[in-house]
Amino acid sequence: MSAAVKNPFQHIVEPLDPKEPKQQFFNLSKLGDPRYDRLPFSIRVLLESAVRNCDEFLVKRSDVESILNWKQTQFQTVEVPFRPARVILQDFTGVPAVVDFAAMRDAVMKLGGDPEKINPVCPADLVIDHSIQVDFNRKSDSLQKNQDLEFDRNKERFQFLKWGSKAFRNMRIIPPGSGIVHQVNLEYLARVVFNQDGLFYPDSLVGTDSHTTMIDGLGVLGWGVGGIEAEAVMLGQPISMVLPEVVGYKVHGTADKLITSTDIVLTVTKHLRQVGVVGKFVEFFGPGVAQLSIADRATIANMCPEYGATAAFFPVDDVSLQYLEQTGREPERLAYITKYLKAVAIFRDYNDVSQDPEFTQVVELDLSTVVPCCSGPKRPQDRIPVSDMKKDFEVCLEAKQGFKGFQVAPEHHNATVPFQFNGEEYALSHGSVVIAAITSCTNTSNPSVMLGAGLLAKKAVESGLSVKPYIKTSLSPGSGVVTYYLRESGVMEYLSQLGFEVVGYGCMTCIGNSGPLPEPVVEAITQGDLIAAGVLSGNRNFEGRVHPNTRANYLASPPLVIAYALAGTVRIDFENEPIAINSAGREVFLRDIWPTREEIQAVERTFVIPSMFKEVYEKIENVNERWNSLAAPSDKLYTWDPKSTYIKSPPFFDGLTKKLQPPASITDACVLLNLGDSVTTDHISPAGNIARSSPAARYLTSRGLNPRDYNSYGSRRGNDAVMARGTFANIRLFNKFLNKQAPQTIHLPTAETLDVFDAADRYQQSRIPLIVLAGKEYGSGSSRDWAAKGPFLLGIKAVLAESYERIHRSNLVGMGVIPLEYLPGDTADSLGLTGRERYTVVIPEQLTPRMVVDIELDTGKTFQVRMRFDTDVELAYFRHGGILNYMIRKMSES
C-alpha cells in the first residue's frame with residue numbers, strides 16, 4: 001500500500017546526542033532551506049510534523065514545500081495535513097466520543113471488518129472535570145457533598161468511561177476530583193517535547209474543548225476541534241487544515257503594579273477582536289513577553305477562542321523551562337527538551353530581535369496602557385474599564401435589547417425588591433450580584449491572581465468586611481495544587497470567611513454548572529424582573545450560560561470577583577465610592593485592600609514550589625477512592641443497556657452501506673429557525689439544567705425519572721434522544737419568527753408555535769428537509785459536537801449564515817450538514833428573505849472546495865451562496881455522509 005513508502009526526508013534524521021545514537025530527531029536545519037529561519041515558530045511546528053510523517057500518501061513532499069513556502073501560500077487557501085502528537089478530551093465531549101467509538105466498533109463488525117481497529121493510535125487523555133455542580137457552597141463540607149452528588153448523578157457515565165479506558169488502547173482517564181482539563185494539561189500532561197520510540201519531536205495536540213489553546217502558553221501548539229474531528233485524529237487521520245496567516249503580537253512596556261493577567265487578557269481579547277484574527281494563528285513576541293510568567297501566558301492563550309484565533313502561540317523560552325522545573329518535571333526531561341528545541345530552532349529569546357520571524361502582520365500592545373477591567377454583560381470581548389463599570393451598566397439598562405442592552409424602562413432603573421433570607425431583611429435591585437465565582441481554568445491556573453484574591457480576602461476580613469449571605473460564592477480550583485498553596489500561605493481561611501469555600505475541582509460555574517440560587521433570591525429577581533448579575537473569573541459569559549436568573553454576567557479577575565461580592569452590586573465606582581462600610585462604621589475603599597504585585601510575588605516565591613506539584617500529581621490517577629472501587633465491564637464491544645438514560649447507541653450509522661450514494665440536492669426545504677448574529681453553541685446545544693417544561697424533560701419523565709434526577713444536558717451527551725430534544729432548547733434563543741427569546745419556533749405548514757424539537761419531528765414525519773438561517777459568527781462559543789449532531793438528528797440538511805465560528809463549521813461538515821455562506825454583501829435582509837419561503841439548494845455532481853451554488857426559492861427568486869467545504873478532504877467526508885461514516889468504511893475495507 002502507498003502508505004508504506006519510505007519517508008523521503010529520512011536522510012535528515014540524526015542523533016540528538018552522538019553518545020546515544022538510537023535517540024534521534026529530524027534535523028530541520030539539514031533541509032538547507034533559508035526560508036525555514038524566517039518562518040513563524042508555530043509554522044515550524046507544522047513543518048516538523050509534515051516532514052516526520054511524510055509518506056507520500058497522507059502527507060506528501062508537496063505539503064512540506066507548501067509549508068516552507070508559507071510566505072506565499074498563506075494567502076492561497078492552501079490545504080495541508082497536520083498530525084498532532086496527542087489528543088485531549090474532557091468528559092462532556094469525551095463521553096460522546098467514546099460512545100461513537102463503541103458504536104463504530106459495532107458498525108465495522110456489521111460491515112465485516114475487525115472492530116478492534118477502532119482504537120486510538122495516538123495518546124488520548126480524558127480528564128473528568130465537567131460533571132460537578134455547585135449544589136453546596138459556603139460550608140467546609142461543600143466539596144465533599146458536591147463530589148458525592150457528582151458521583152451519584154454520573155455513576156453510569158463514569159462506569160462507561162472506565163470501560164472505555166480498559167477497552168481502548170492508548171486512552172488514559174484522569175478521574176473526577178482531579179482538576180480542570182487545561183490546568184492538568186499545563187501542570188502535568190504536557191510533554192513539550194516527545195521522546196517516543198527513540199525519536200524526539202515537538203509536543204502538539206488537538207482537544208475537544210475550545211480552550212485547549214491554553215497549552216500554547218507553554219509553547220505546545222494546540223487548539224480545539226470538534227469531537228468528531230478529534231475521533232478521526234485518534235484513529236490516525238491527519239487534520240486537514242488551510243495553512244493559516246500568522247499575526248505577530250508584539251508585547252512591550254511594563255504593566256502597572258496593580259494590573260492582573262486577567263486585565264491583560266481582556267484587553268488583548270478586545271484588541272484582537274477588532275483586528276480580526278478568525279482562522280489565523282497569533283504568535284506573541286517582543287521584550288514584554290519575557291516579563292510574563294507561564295501562568296500569565298497561559299491565561300492569554302486560554303481566551304484565544306474569545307478573540308477568534310485558531311491558536312495563540314508563545315514559543316518556549318527560559319521562562320518556560322523554569323515553569324517546567326517549578327511544576328516538578330524531571331531534570332533529564334528538561335535537558336532533552338532544551339537540547340532538542342535549540343537544535344531545531346524552536347527555542348526563543350524574546351529579547352533577541354534577530355530571532356523575530358516574518359509575520360502576516362504585526363500588531364502591538366504596550367503593557368503600560370492596560371487598566372483594570374471586566375468584560376460583559378453578555379460577551380467576553382466587550383471589555384469595560386473598572387472605572388466605567390457603573391456608568392456602563394446603567395447605559396446597558398436603558399439601551400435597546402442586544403449585547404449591550406436590556407431595554408429597561410427608565411422609571412424602573414432604581415426599582416428594589418425586598419426579601420427575607422435566613423430570617424434577615426435584604427433587597428435586590430438591578431445590578432445586584434447574586435453569583436460570585438472564582439472558577440475556570442483561565443484564572444485558577446495562575447498563582448498570582450489566586451494568591452491576589454487570597455490576600456485581598458485577608459485584608460477585607462481584617463478591615464471588618466463581609467459578603468452578604470444570599471450571594472452564591474464559590475471557589476473551584478483547577479487542580480489540587482491551588483488548594484495546597486492557598487492553605488500553606490495562610491489565605492484559605494480568609495477566603496472561607498468570605499464564603500469562598502472550595503466547592504469542587506472542575507469547570508463548574510464557567511460552563512453553567514452554577515447550581516440553584518436560593519429560592520427567595522429567585523423569587524425577588526422574578527418579581528421585579530431584575531437584571532441580576534453574576535461575576536466570575538471565567539472565559540464565557542454568553543446569555544443564558546452562567547445561570548438562567550443572571551442576565552448580566554461579567555468576567556473579572558479573582559480579586560475583582562471578591563471585590564464585587566463585597567460590594568454586592570456592579571453599580572459601583574470603586575475609585576470614588578467605598579466598597580462597603582465596615583462593622584466599625586468606617587468607609588473602606590477597594591484601594592485600601594488591594595494587594596500589590598510585590599506582595600503577591602513574595603508569597604508566590606515562598607509557597608508555590610515543586611514538591612507541591614509532585615505530591616499532587618504522583619497520585620492523581622488513584623486518589624479518588626470511589627473511582628478506584630467503581631466496577632466496569634471489560635468486553636471489547638460495549639453491551640448497550642436499553643434502560644439507560646445516559647448511554648445509548650446513537651442512530652448515526654443506521655442503514656450504513658459499503659457503497660457510496662451520490663450527493664443529492666436539498667429540495668423544497670423549510671426554515672426551522674430564522675436566527676440573528678452570534679448564535680452560540682450554548683444556544684444550539686445547551687450544557688446546563690434541563691428545564692422541566694422542555695421536550696427533554698418530557699422524554700426523561702416518560703422513562704420514569706423525577707425532575708431532581710434530570711441532571712444537565714452536558715451530563716447526558718451520551719444519549720442522543722435527550723440531546724436531540726435539547727437542541728435549540730436554550731431559553732435565550734432569539735428566533736425572528738417569534739420576535740422574542742424562547743426555545744420555540746413556528747411550524748410553517750400549520751402556523752403553530754411549537755418547541756423546536758416538536759416542530760422538527762413534525763417536519764421529519766412529513767419528510768420535509770430543513771435548513772436554518774443565521775447571521776454572523778454562527779456557532780461561536782465552546783466546541784460542542786452536539787451542536788452539529790443535534791441539528792443533524794432534527795433533519796437539518798444545511799445552515800445558511802453570514803459567517804461561522806471555525807470549530808463549529810468543521811463539526812457541521814463532520815456530520816454531513818452543509819455550511820452555506822452568503823456571498824460578500826449579501827444577507828437575509830438584503831436578499832429580502834423572510835424564512836417562510838421553500839428553499840432548494842442545487843448541489844451538482846462535481847464538487848470543488850468553496851464552490852458557489854444556486855438556491856432556488858418557491859417564490860421564483862434565485863441567489864447564489866458559497867458551500868463552505870474548504871478542502872478536498874472535507875468534500876470526501878460530505879460524500880460519505882460525515883467523517884465517522886468515512887472512517888467506518890475505511891476501517892471495514894482495510
Side-chain angles (χ1 to χ4, degrees), residues 42 45-46 82 84-94 96-97 122 124-127 129-130 180-186 189-190 203-218 220-234 238-242 244 269 272 277-282 298-313 380 440-442 445 507 510-511 538-540 542 680-682 684-685 687 714 717 777-789 804-815 883:
S42 51
V45 177
L46 297 183
F82 174 51
R86 59 191 175 98
V87 173
I88 195 162
L89 312 100
Q90 37 88 340
D91 56 303
F92 268 17
T93 50
C122 68
D125 296 303
L126 190 156
V127 181
D129 67 349
H130 273 52
I180 300 175
V181 57
H182 308 306
Q183 186 163 343
V184 173
N185 193 17
L186 192 71
L189 298 174
D203 187 5
S204 60
L205 70 152
V206 290
T208 57
D209 188 282
S210 52
H211 294 102
T212 299
T213 52
M214 185 169 183
I215 202 63
D216 289 314
L218 187 56
V220 176
L221 185 63
W223 60 86
V225 296
I228 304 155
E229 202 171 10
E231 290 165 33
V233 173
M234 290 162 70
I239 285 175
S240 180
M241 61 184 294
V242 173
T269 299
L272 286 175
V277 292
V278 172
K280 303 175 185 180
F281 284 2
V282 175
T299 300
I300 294 167
N302 178 282
M303 286 194 71
C304 177
E306 281 64 54
Y307 41 86
T310 300
F313 194 62
S440 168
C441 50
T442 309
S445 60
C507 300
C510 188
I511 59 162
N539 47 43
R540 295 271 164 85
F542 299 124
T680 72
T681 51
D682 286 296
I684 305 167
S685 181
R717 286 184 181 177
E777 299 176 348
Y778 181 77
S780 56
S782 301
S783 62
R784 291 194 185 151
D785 54 345
W786 271 110
K789 290 176 177 176
Y804 292 87
E805 191 276 338
R806 177 184 62 84
I807 300 175
H808 184 63
R809 186 200 64 80
S810 169
N811 277 343
L812 290 174
V813 172
M815 286 308 300
I883 191 171

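Treat the numbers as computed from the prediction; the structure is a model and nothing was measured.
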What I want to check is whether the side chains of H211 and E306 have a donor and an acceptor closer together than 3.5 Å. yes

Minimal non-hydrogen separation, I684 against G779, with atom names: CD1-CA, 4.3 Å

Establish, from distance only, whether the side-chain atoms of S780 and R540 form a donor-acceptor pair under 3.5 Å. no

All heavy atoms of P244 vs all of L46, minimum pair found to be CD-CD1, 4.4 Å

How long is the span from the NZ atom in K789 to the OG atom in S685, to the nearest 0.5 Å? 10.0 Å

To the nearest 0.5 angstrom, please state how far the CG atom of N811 sits from the CH2 atom of W786. 12.0 Å

If you define the side chain from C-beta out and look only at heavy atoms, does anything of C122 sit under 4.5 Å from V87? yes

Classify the side-chain pair N302/H182 by whether it contains a donor and acceptor separated by less than 3.5 Å. no

In sequence, state the C-alpha distance, the side-chain angles, and the governing distance for L812 and Y804, and then conclude on side chain to side chain contact (heavy atoms under 4.5 Å, CB included). CA-CA 10 Å; L812 290 174; Y804 292 87; 3.9 Å; yes

Would you say the side chains of E229 and S810 form a donor-acceptor pair under 3.5 Å? yes

Which heavy atom of G538 sits nearest a heavy atom of C510, and at what distance? CA-SG, 3.8 Å

Ring geometry between W223 and F281 (parallel below 30°, tilted from 30 to 60°, perpendicular above 60°): tilted

Once you round to the nearest 0.5 Å, how far does OG1 of T93 lie from CD of E231? 10.0 Å

If you round to the nearest 0.5 Å, how far is CG of L221 from CD1 of I215? 11.0 Å

Which pair of non-hydrogen atoms, one from M234 and one from A124, has the smallest distance, and what is that distance? CE-CB, 3.9 Å

Taking S204 for its side chain and A85 for its backbone only, find out whether a donor-acceptor pair lies under 3.5 Å. yes

Side chain to side chain contact (heavy atoms under 4.5 Å, CB included) between L186 and M214: does it pass, once the steps are laid out? CA-CA 8 Å; L186 192 71; M214 185 169 183; 4.2 Å; yes

Provide the closest heavy-atom pair for P96 versus D91 in the form atom of the first, atom of the second, distance. CD-O, 4.2 Å

State, yes or no, whether a side-chain contact exists between I228 and M815 at a heavy-atom distance under 4.5 Å. yes

Min side-chain heavy-atom separation Y778-H808 under 4.5 Å: yes

Step by step, work out the side chain to side chain contact (heavy atoms under 4.5 Å, CB included) result for I239 and V206. CA-CA 9 Å; I239 285 175; V206 290; 3.2 Å; yes

Taking the side chain as C-beta and beyond, is there a heavy-atom pair between N185 and L205 under 4.5 Å? yes

Under 3.5 Å, is there a donor-acceptor pair between the side chain of D125 and the main chain of I88? no

Residue pair D129 / Q90, side-chain donor-acceptor N/O under 3.5 Å: no

So which atom in T212 and which in G207 form the shortest heavy-atom distance, rounded to 0.1 Å? OG1-CA, 3.3 Å

Roughly how far apart are Q183 CD and L189 CG, rounded to 0.5 Å? 11.5 Å

Could you tell me whether a side-chain N or O of T213 sits under 3.5 Å from a main-chain N or O of A311, the two making a donor and an acceptor? no

Audit row: V220, F313, side chain to side chain contact (heavy atoms under 4.5 Å, CB included) steps and yes/no: CA-CA 8 Å; V220 176; F313 194 62; 5.9 Å; no

Can you find a pair of side-chain heavy atoms, one from H130 and one from D209, that are under 4.5 Å apart? yes

